[in-house]
Amino acid sequence: MSNESVVSNPTTAASESTVKKGVWLSAAWLWVPSLYFAEGVPNEVVMALAGDMYALLGIDNQTMAFYTSLLYLPWVIKPLWSPLVDVVGSQRTWIVGAQLALACGFLGVALTVTTSWFFFATLACFWLIAISSATHDIAADGFYMAGLSEERQAWFLGIRSTFYRGAKFFVSGVLLAMAGGLAYRLPPAQAWAWTFALAAAVYVAMAIYHAFALPKVEQAAKPRVTFGGLGRELSATVISFFQKDRIGLALAFLLLYRFSEAQLGKIARAFMFADRVQGGLALQPEEVAVIYGTFGLVMLTIGGILGGIVIAKQGFRAWLIPMAIAINLPNLCYLGLSWFQPSASWLIGLAVSIEQLGYGFGFAAYLMYMLKISRGMHETAHYALCTGFMALGLMGPGMISGVISDAFGYNGFFFYIVLATIPSFVVTWLVFVDEKKHEVAA
């Protein structure tokens, strides 16, 4: 095993120039891309593919949106067990174990989706996937920090992000298209069974590969801990988070900035699949896979890159309001699609691409604000708490989105979505004024 994969003493880390020269031969190439691909797939399955499957198998929007939004809960509360992952066993063991658990969850969906009681049976499997995925996130991010020097961590940030995005393509592009293609020759439930069987096989292979590919990183000796000690440490961290200056405004921003987009994301793809008499666009799964898994993903990535660049050049406050406009205003595209119900795939793809570009660009402000909130003592744990509130900001609005879409139809729902951008604009303006006030005071 190459020595550069093991970092036990910061003083022995290579200089930045040495890192750049040797990075292409780095053993980290053997595990960083695959690890973050493995992290991204179950997240996208829970956030998107589960809803796609239920919509295509005839589950109504109210039921689909409520129960699949509840699946965000493990990401909301994962800070509660993150200390356990850190001090019990090795992160390497947690990663491999979580990938095997994910394989079991995918296989469970494959085995139960063809039954008459498939909804709650598959939902239980998705819960296993969600809990395992949240645990995998904790262990993978910790392993990344322990397994690479700070210089290499920075260099591989773009690589891990690229392969995480690749996981979204695999789910919303490959798996969704596979289910749609198989449905021409098999009953829809069997098509989904084969699709999730493939996902299970991929994760068995992932677990076997990472059992050998992940380096045995040297870690500091773990202190002897008790559950009482863990509880006290967690309590102190949480209390210090809620004692931060202007924490009330910060939490409002985390919960409301994506209020409209969180609801749109739950219903948009069901709208694509729905029949035209129901107000939908009657697209096939493979068409939606191309729209979201390729063009939409590319525009999302471009938007995120542009957002990071402009914030780095001109600062967070300068772009806060434009980014709030970017993440909310393109929701009008869906209102137009529901009003005119175009049949041209290129026009639908263009509308989705505009929305995804705006979302990627506007989401950069959200990420930057989470980093600002987390700075100081316990910043890693505080960032995890921010991601928990981010998941809560998706879960709550998502749970009510199906009720609204079923009550008012798709056209009425998307009109409501445009109005639902108001809380985002209000809280963004309050943060903008607050940032300006404190910037002047400084």
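Only heavy atoms go into these numbers, but all of them, side chains included; no hydrogens, no water, no symmetry mates. What you are looking at is a predicted structure, and each value in this text was computed from that prediction instead of being measured. Index from 1, following the sequence.
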inquiry  = Applying side-chain hydrogen bond (donor to acceptor under 3.5 Å, both in side chains) as the test, list every pair that has at least one member in residues 354-370; sequence neighbours left out.
reply    = Arg258-Tyr359
note = Between the CG atom in Leu385 and the CE atom in Met370, the distance rounded to the nearest 0.5 Å is 11.5 Å
key: Test log, rule side-chain hydrogen bond (donor to acceptor under 3.5 Å, both in side chains), inputs Thr421 and Asn328   = CA-CA 6 Å; Thr421 63; Asn328 287 298; 5.0 Å; no
request  = For the residue pair Tyr416 and Ser405, confirm or rule out a side-chain donor-acceptor distance under 3.5 Å.
outcome  = no
task = Could you walk me through whether Tyr54 and Thr122 pass the side-chain hydrogen bond (donor to acceptor under 3.5 Å, both in side chains) test, one step at a time?
result = CA-CA 10 Å; Tyr54 289 138; Thr122 55; 2.8 Å; yes
message = Do Glu261 and Ser424 have side chains that approach each other closer than 4.5 Å (heavy atoms only, starting at C-beta)?
response = no
Flag side-chain contact, heavy atom, 4.5 Å: Leu35 against His136 = yes
ask   = Please walk me through it: do Val41 and Tyr203 pass side-chain contact (heavy atoms from CB on, under 4.5 Å)?
value = CA-CA 10 Å; Val41 168; Tyr203 270 77; 3.1 Å; yes
query = When the aromatic ring centroids of Tyr334 and Tyr410 are compared, is their separation below 6.0 Å?
reply = no
ask   = Taking the six-membered ring for Trp, are Phe413 and Phe408 ring centroids under 6.0 Å apart?
value = no
Step-by-step side-chain contact (heavy atoms from CB on, under 4.5 Å) determination, Leu335 to Asn411 = CA-CA 6 Å; Leu335 180 60; Asn411 190 247; 4.1 Å; yes
ask   = Side-chain contact, heavy-atom cut-off 4.5 Å: Met299 with Val352?
value = no
key: Thr387 side-chain N/O to Ala384 backbone N/O, donor-acceptor pair under 3.5 Å   = yes
request  = Drop me the distance from Leu71's CG to Ile131's CD1, to the nearest 0.5 angstrom.
outcome  = 9.5 Å
query = Does Leu297 offer a backbone N or O that forms a donor-acceptor pair with the side chain of Lys168 under 3.5 Å?
reply = no
request  = Please tell me if the side chains of Phe361 and Ile327 come closer than 4.5 Å, counting only heavy atoms from C-beta onward.
outcome  = no
key: 4.5 Å side-chain heavy-atom contact, Arg269 and Ser172   = yes
request  = Begin with the C-alpha distance, continue with both residues' side-chain angles, and end with the deciding distance and a verdict on side-chain contact (heavy atoms from CB on, under 4.5 Å) for Leu332 and Phe414.
outcome  = CA-CA 8 Å; Leu332 287 167; Phe414 290 121; over 6 Å; no
Heavy-atom check, side chain of Trp429 versus side chain of Val433, under 4.5 Å = yes
query = Could you state the interatomic distance from CG (Asn43) to CG (Asp137), rounded to the nearest 0.5 Å?
reply = 6.5 Å
task = Kindly state whether the ring of Trp75 and the ring of Tyr72 have centres lying under 6.0 angstrom apart.
result = no
task = Find the distance between CE (Met399) and CZ (Phe66) and round it off to the nearest 0.5 Å.
result = 3.5 Å
query = Does the gap between the ring centers of Phe170 and Phe37 come in under 6.0 Å?
reply = yes
query = So, do Phe389 and Phe241 sit near enough that their side-chain heavy atoms are less than 4.5 Å apart?
reply = yes
Note, Val113 side chain near Phe196 side chain (heavy atom, < 4.5 Å) = no
inquiry  = Could you check, using the six-membered ring where one of them is a Trp, whether Phe143 and Trp94 have ring centers closer than 6.0 angstrom?
reply    = no
request  = Kindly give the heavy-atom pair with the smallest separation between Ala140 and Tyr36, and that separation in Å.
outcome  = O-OH, 3.6 Å
query = What is the distance from atom CG of Leu306 to atom OG1 of Thr301, rounded to the nearest 0.5 Å?
reply = 11.0 Å
N/O donor-acceptor pair under 3.5 Å between Asp406 side chain and Gln62 backbone = yes
task = Please report the shortest heavy-atom distance between Pro285 and Leu56, naming the atom on each side.
result = CG-CD1, 3.7 Å
request  = Give a yes or no on whether the ring-centroid distance for Tyr67 and Phe119 is below 6.0 angstrom.
outcome  = yes
inquiry  = The test is side-chain hydrogen bond (donor to acceptor under 3.5 Å, both in side chains); show your working for Thr135 and Lys78 and say whether it passes.
reply    = CA-CA 7 Å; Thr135 304; Lys78 74 176 182 180; over 6 Å; no
key: His210 side chain to Met206 backbone, donor-acceptor under 3.5 Å   = yes
query = Could you go step by step and tell me if Thr428 and Met323 meet the side-chain contact (heavy atoms from CB on, under 4.5 Å) rule?
reply = CA-CA 10 Å; Thr428 298; Met323 286 183 171; over 6 Å; no
key: Under 3.5 Å donor-acceptor, Thr63 side chain and Ile59 backbone   = no
remark   = Here the gap from Tyr257 atom OH to Leu320 atom CG, rounded to the nearest 0.5 Å, amounts to 6.5 Å
inquiry  = Could you check whether any side-chain N or O of Ser133 sits under 3.5 Å from a backbone N or O of Ala130, counting only pairs where one atom can act as donor and the other as acceptor?
reply    = no
ask   = Crowded around Tyr209 OH? As in, over 12 foreign heavy atoms under 6.0 Å?
value = yes
remark   = For Pro397, the side-chain contact (heavy atoms from CB on, under 4.5 Å) test, sequence neighbours excluded, returns Phe259, Ala262, Gln263
